[in-house]
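Heads up, the thing below is written out as structure tokens.
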There are 2 protein chains.
Amino acid sequence: MAGNHQKNESSKEQTERPKRADAQKNLVALLQAAKEVFAETGVDAPMRDIARRAGVGVGTIYRNFPQRADLIAAVFRQEVDACADTAEEFAQHYAPAEAVDRWMQRYVDFLVAKRGLASALHSDDAAFKPLPAYFDARLEPALQGLLNAATEAGELRGDVTAYDLLRAVAGLCTPSGHGDVAQARRLVSLLIDGLRYRSE
Amino acid sequence: MAGNHQKNESSKEQTERPKRADAQKNLVALLQAAKEVFAETGVDAPMRDIARRAGVGVGTIYRNFPQRADLIAAVFRQEVDACADTAEEFAQHYAPAEAVDRWMQRYVDFLVAKRGLASALHSDDAAFKPLPAYFDARLEPALQGLLNAATEAGELRGDVTAYDLLRAVAGLCTPSGHGDVAQARRLVSLLIDGLRYRSE
DNA sequence: CATATATACGGAACCTTGTTCCACTTATCA
DNA sequence: TGATAAGTGGAACAAGGTTCCGTATATATG
């Protein structure tokens with residue numbers, strides 16, 4: 001009778017196996033705390049610090065994320081999601097071209113914040129392998145939607161793909177490395193501006 | 001025989017007292033042990049393991065290398081030296097073109113072995129900053145000497161520089177990443193073979 | 001509501017590793 | 001052959017990772 005079904009789902013649905021409400025709340029608090037601590041202290045921050053900030057015990061971390069890399073990967077995914085979701089929000093609140101502009105700046109913020117994780121991501125830990133694919137799968141459609149809207153509204157040229165833009169901006173942000181966000185912002189602004197139709 | 005470039009620090013030989021013989025011996029044993037342990041366990045291996053293998057106490061490590069990065073850098077330099085010194089040896093034992101061929105294979109071995117250190121090298125630790133320059137300064141002249149000899153002997157084309165070759169082969173080895181040495185070797189062989197004058 | 005039980009929790013305890021420190025040893029010199 | 005300063009080993013301490021289990025509680029059931 002002790003059928004211990006380890007039906008662990010970490011992707012999107014909790015329909016199969018109702019998770020205890022408090023456990024779910026702790027998981028959310030944990031990811032939020034980890035995100036903050038990683039941003040402040042780096043991904044090597046002590047587990048205890050993360051646990052304390054989330055108001056849980058270290059055991060709770062290890063139950064949800066057996067390896068540190070699992071926690072890092074989860075935080076990364078969460079931030080990718082947050083960035084992608086912003087696209088929809090901007091689409092509803094701004095004119096198409098401005099939505100693109102704002103989203104690209106948001107994307108720059110993401111890239112700069114992610115730089116701390118970059119070296120960790122380049123390790124060969126198995127938990128990190130699917131992350132680049134996830135990155136593309138979430139961000140590319142998000143931006144492509146904004147681009148399509150702006151193109152159909154006649155506000156932007158239509159001859160550049162979301163994929164190319166993502167790569168280009170990532171390239172602009174990564175190598176400068178000096179943490180100079182302002183510099184990156186300026187370059188990206190130039191780039192986006194170049195996409196606009198000139199009203200002349 | 002490999003030239004011992006670390007015998008005396010040439011820059012401070014008149015100001016500093018000569019180093020105690022046993023200290024020098026310990027330093028050599030330490031570097032050898034670190035090289036072995038890094039190769040077996042990775043650069044994160046416990047200091048105690050390295051100390052035990054070298055037959056010294058951990059204190060001796062910290063006296064010579066205050067930071068772990070210092071020890072890693074020293075091992076790296078030692079391996080660069082070993083690779084560079086091989087050039088002279090091959091030049092004395094083989095025909096010019098074959099010396100080039102053999103050295104390039106030796107260089108492939110070095111690159112593959114170094115892959116474990118690659119992620120560490122890409123950290124922003126100050127101890128690693130001068131390493132790329134050292135890499136070029138040692139390896140480029142070594143290969144250039146072999147190339148010049150082969151060119152003057154009429155065995156190789158003379159229109160490729162040592163620098164270009166080093167970069168090209170490093171590029172061949174790094175991205176494949178699958179640890180497939182045989183694949184890398186085959187590519188490099190093709191490359192070197194292309195440099196030969198066809199006896200036709 | 002009361003009770004049963006699987007689930008989840010916290011954090012003390014334990015283990016591994018980094019780093020410091022100093023009493024002791026020894027190479028070198030006069 | 002001392003005298004002495006350089007060098008040594010490893011115990012001791014610090015800090016973080018990971019495990020384990022008694023306790024607490026959300027949820028299902030009567």
Side-chain angles (χ1 to χ4, degrees), chain A residues 1-10 14-34 37-38 40-75 120 123 125 127, chain B residues 8-9 12-34 37-38 40-75 120 123 125 127:
Chain A
M1 195 66 108
N4 200 348
H5 293 159
Q6 194 87 356
K7 195 63 179 292
N8 194 353
E9 44 70 37
S10 58
Q14 59 271 38
T15 57
E16 293 284 356
R17 197 80 172 186
K19 197 170 187 177
R20 261 174 60 166
D22 57 341
Q24 180 63 28
K25 210 182 56 182
N26 276 333
L27 185 59
V28 170
L30 199 47
L31 284 172
Q32 175 64 21
V37 173
F38 285 165
E40 290 167 15
T41 325
V43 290
D44 291 330
M47 290 295 209
R48 283 177 238 263
D49 290 358
I50 300 170
R52 185 160 1 96
R53 160 108 49 156
V56 304
V58 285
T60 300
I61 297 188
Y62 281 94
R63 202 168 318 104
N64 287 285
F65 307 101
Q67 319 280 351
R68 166 183 289 269
D70 297 326
L71 177 56
I72 297 174
V75 169
S123 94
D125 195 303
Chain B
N8 270 327
E9 285 309 313
K12 49 185 67 169
E13 58 192 12
Q14 68 269 35
T15 55
E16 303 284 329
R17 286 177 69 156
K19 199 169 189 176
R20 264 173 58 166
D22 56 341
Q24 179 63 28
K25 210 182 54 180
N26 277 333
L27 184 59
V28 171
L30 199 46
L31 284 172
Q32 176 64 22
V37 173
F38 285 166
E40 290 168 15
T41 325
V43 291
D44 291 330
M47 290 294 209
R48 281 177 238 265
D49 289 358
I50 300 170
R52 184 161 1 96
R53 161 109 49 157
V56 304
V58 286
T60 300
I61 297 187
Y62 282 93
R63 200 169 320 103
N64 286 287
F65 307 100
Q67 319 281 350
R68 167 183 289 270
D70 297 326
L71 177 57
I72 296 175
V75 169
S123 93
D125 195 302

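Because only heavy atoms are used, hydrogens play no part in the values below, and waters and symmetry mates are left out as well, while side chains stay in. Protein chains get the first letters and strands the later ones, always in sequence-line order, with residue 1 at the start of each.
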Report the distance from atom [atom1] of [X] to atom [atom2] of [N], rounded to the nearest whole Å.
X: B/Gln24; N: D/dT8; atom1: CD; atom2: P; result: 11 Å
X: B/Ile72; N: C/dG18; atom1: CD1; atom2: C1'; result: 14 Å
X: B/Leu27; N: D/dG9; atom1: CG; atom2: P; result: 13 Å
X: B/Asn64; N: D/dA6; atom1: CG; atom2: P; result: 15 Å
X: A/Asp44; N: C/dT17; atom1: CG; atom2: P; result: 16 Å
X: A/Ile61; N: C/dG11; atom1: CD1; atom2: P; result: 12 Å
X: B/Asp70; N: C/dT19; atom1: CG; atom2: C1'; result: 14 Å
X: B/Lys25; N: D/dT8; atom1: NZ; atom2: P; result: 10 Å

- Taking only the side-chain nitrogens and oxygens of A/Asn26, find out if one of them lies under 4.0 Å from OP1 or OP2 of C/dC9.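 A/Asn26 to C/dC9 OP1/OP2: side-chain N or O found under 4.0 Å.
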
- Could you tell me whether the phosphate oxygens of D/dG9, OP1 or OP2, come under 4.0 Å of any side-chain nitrogen or oxygen in B/Thr60? yes

- Item | Option from A/Lys25, A/Lys19, A/Arg20 for which side chain to side chain donor-acceptor pair (under 3.5 Å) with A/Asp22 holds | A/Arg20

- Kindly state each residue pair satisfying side chain to side chain donor-acceptor pair (under 3.5 Å) with at least one member in residues 59-73 of chain B, sequence neighbours excluded.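 Not a single pair qualifies under side chain to side chain donor-acceptor pair (under 3.5 Å).
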
Under 3.5 Å donor-acceptor pairs involving side-chain atoms of residues 43-50 of chain B, not counting sequence neighbours:
unit_1	atom_1	unit_2	atom_2	d
B/Asp49	OD1	B/Arg52	NH2	3.1

- Task: Please name all residues satisfying side-chain hydrogen bond (donor to acceptor under 3.5 Å, both in side chains) with B/Asp125, sequence neighbours left out, ordered by chain then number.
- Result: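 In terms of side-chain hydrogen bond (donor to acceptor under 3.5 Å, both in side chains), with neighbours along the sequence ignored, B/Asp125 is linked to no residue.
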
- Query: Mind checking whether A/Leu71 and A/Phe38 have side chains closer than 4.5 Å, heavy atoms only?
  - Reply: yes

- Note on the structure: Note: B/Ala29 and B/Ala54 closest approach over all heavy atoms is O-CB, 3.8 Å

- Going 5' to 3' through nucleotides 18-30 of chain D and flagging B where a protein heavy-atom sits under 4.0 Å of the base, S where only the sugar-phosphate is that close, and - otherwise, we get BB-----BSS---

